[in-house]
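Only heavy atoms go into these numbers, but all of them, side chains included; no hydrogens, no water, no symmetry mates. Below, chain A is the first sequence line, B the second, and so on; all start at residue 1. Predicted model only: the values in this text are computed from it and were never measured.
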There are 2 protein chains.
Amino acid sequence: MLRLSKKTEYALIALKDIALNSRIQLMTAREISENHQVPRDLLAKILQTLTHHSIIRSVQGAKGGYILNKPVEEITLLGLIEILDGPAGLMECSLPEPVNCTYLDTCSIRCQLALLNQKILAMLQGITLRHFLRNELKAVLG
Amino acid sequence: MLRLSKKTEYALIALKDIALNSRIQLMTAREISENHQVPRDLLAKILQTLTHHSIIRSVQGAKGGYILNKPVEEITLLGLIEILDGPAGLMECSLPEPVNCTYLDTCSIRCQLALLNQKILAMLQGITLRHFLRNELKAVLG
DNA sequence: TTTTTATACGACTAAATATGTCTTATTTCA
DNA sequence: TGAAATAAGACATATTTAGTCGTATAAAAA
């Protein structure tokens, strides 16, 4: 399946919200969840994961919440996907780590697909939260 | 997950084999399966599906097998993905058919991701079996 | 000090999807 | 008639994804 995970979708939605409020106040998981009808507990876990990776910063306790912890142009779509879903790659054998592909030596498509893989990953890495905030994706994708 | 399905991988491998032999003889599922260590029954079903969609043509009975039924430049990667895995799209809401996305109206990323979706689908549609046969993917992807 | 509101964390469940197998029927050639 | 092939669909398994729940911890406010 060639699809973004819900985690990544929710992360993008949340980060956009957080970014738009970062200079004003902290955003809570509850607020984001209610703003966009996203499952709260799941969103909370996503935000925790993003916190671990220093994408955002969390403040605990009452009046707590989340705030951005990185410049928006340093938060890439590929980065989010890899943080939330693990290493990205069109095929097992195009992942950074070598894998147990039992037919590597008789595989006739690996090299060609590797090129496509590189192309797509590069595209995803070129897309940042900044582009989402400014609706600039069209320009980036040219 | 941003990954090609095994079905699509196996289909590409098989089509490449079939194409390379199309002027000489029919290829059987068994041969392809043994050439590349691909599960035979699964491959058989994939080839049947491709037959239904007129990508290949089947000949039943002993001495039977499969042969290409379309010019290699008309067999696109996107076409194969859609035949084998169903409609492709980065998100549910970017599929051709409208879907039950409960938060469409509060979704802040749909429009931007739709652009990315279009870009990727266009790329996949631009890649054909011909490119795989001639190792031309690098040129196509620019 | 207690209550409220928030994040942290991990276990757990449920649903969906992907992958692979098996059985039976049918077709064709030798 | 037997062997070798596709056709078709049911079945089984494994993996991944999505979502939930309970408990702990932290901080502010009552």
Side-chain angles (χ1 to χ4, degrees), chain A residues 1-11 13-14 18 25-34 37-53 55-67 69 81 84-92 95 99-103, chain B residues 1-11 14 18 25-34 37-53 55-67 69 81 84-89 91-92 95 99-103:
Chain A
M1 178 100 42
L2 207 58
R3 185 162 306 176
L4 251 45
S5 71
K6 291 286 180 192
K7 282 191 195 171
T8 304
E9 284 186 36
Y10 296 159
I13 291 172
I18 293 172
Q25 59 179 350
L26 297 171
M27 286 288 289
T28 67
R30 149 171 266 139
E31 284 174 304
I32 299 169
S33 154
E34 287 172 356
Q37 269 128 74
V38 161
R40 175 136 63 110
D41 285 349
L42 182 52
L43 177 62
K45 283 218 308 193
I46 292 168
L47 294 175
Q48 284 161 33
T49 303
L50 295 180
T51 303
H52 291 152
H53 288 80
I55 304 288
I56 52 183
R57 192 161 51 79
S58 73
V59 175
Q60 293 190 7
K63 300 284 174 186
Y66 298 94
I67 194 172
N69 192 42
I81 291 173
L84 294 168
D85 302 327
L90 276 189
M91 302 178 299
E92 269 182 67
L95 297 181
V99 267
N100 50 342
C101 177
T102 54
Y103 49 94
Chain B
M1 177 107 36
L2 207 58
R3 185 163 306 177
L4 250 43
S5 71
K6 291 286 180 193
K7 284 190 195 172
T8 303
E9 283 184 36
Y10 296 160
I18 294 173
Q25 58 180 350
L26 296 171
M27 285 289 288
T28 68
R30 151 172 265 139
E31 284 173 304
I32 299 169
S33 152
E34 287 173 356
Q37 269 128 73
V38 161
R40 174 135 65 110
D41 286 349
L42 182 52
L43 177 63
K45 284 219 308 194
I46 291 169
L47 294 175
Q48 284 161 31
T49 303
L50 295 181
T51 303
H52 291 152
H53 288 80
I55 303 290
I56 52 183
R57 191 161 52 78
S58 74
V59 175
Q60 293 191 9
K63 301 283 174 187
Y66 298 94
I67 194 172
N69 192 41
I81 292 173
L84 295 168
D85 301 328
M91 301 179 297
E92 270 182 66
L95 298 180
V99 267
N100 51 344
C101 176
T102 55
Y103 48 92

Closest listed nucleotide, where the reference is the side chain of A/T28 and the choices are D/dA4, C/dA6, C/dT5: C/dA6
Short side-chain N/O contact from B/R30 to OP1 or OP2 of D/dA4, under 4.0 Å: no
Sugar-phosphate, base or nothing in reach of B/A29, heavy atoms under 4.0 Å: sugar-phosphate
First encountered from the 5' end of DNA chain C, between A/Q60 and B/Q60: A/Q60
B/S58 side-chain proximity, nearest of C/dT21, D/dT6, C/dC29: D/dT6
A/A62, nearest nucleotide to its side chain (from C/dG10, C/dC29, C/dT4): C/dT4
Rounded distance in Å - CG (A/L84) to C1' (D/dT17): 13 Å
Heavy-atom pair with the smallest gap, counting every atom of A/L43 and A/S33: CD2-N, 3.7 Å
Closest to the B/K6 side chain, choosing from C/dT19, D/dT20, D/dA4: C/dT19
Options C/dG20, C/dG10, D/dA4, nucleotide nearest the side-chain atoms of B/Y10: C/dG20
Phosphate-side-chain proximity, A/H52 and C/dC9, N/O vs OP1/OP2 below 4.0 Å: yes
Verdict with reasoning, B/R40 to B/E34, per side chain to side chain contact (heavy atoms under 4.5 Å, CB included): CA-CA 8 Å; B/R40 174 135 65 110; B/E34 287 173 356; 5.8 Å; no
Over all atoms of both residues, closest heavy-atom pair of B/A88 and B/I81: CB-CG2, 4.2 Å
Options D/dA8, C/dA8, C/dT28, nucleotide nearest the side-chain atoms of A/Q48: C/dA8
Closest nucleotide among C/dT19, D/dG19, C/dT7 to the B/S5 side chain: C/dT19
Which nucleotide in C/dT21, C/dT7, D/dT20 has an atom nearest any side-chain atom of A/D41: D/dT20
Candidates A/I32, A/I56, A/L50 - the one meeting side-chain contact (heavy atoms from CB on, under 4.5 Å) with A/Y66: A/I56
Worked check of side chain to side chain contact (heavy atoms under 4.5 Å, CB included) between B/Q25 and B/K63: CA-CA 10 Å; B/Q25 58 180 350; B/K63 301 283 174 187; over 6 Å; no
Closest to the B/L42 side chain, choosing from C/dT19, D/dG9, D/dT20: C/dT19
5′-ward residue of the pair B/L2/B/A44 relative to DNA chain D: B/A44
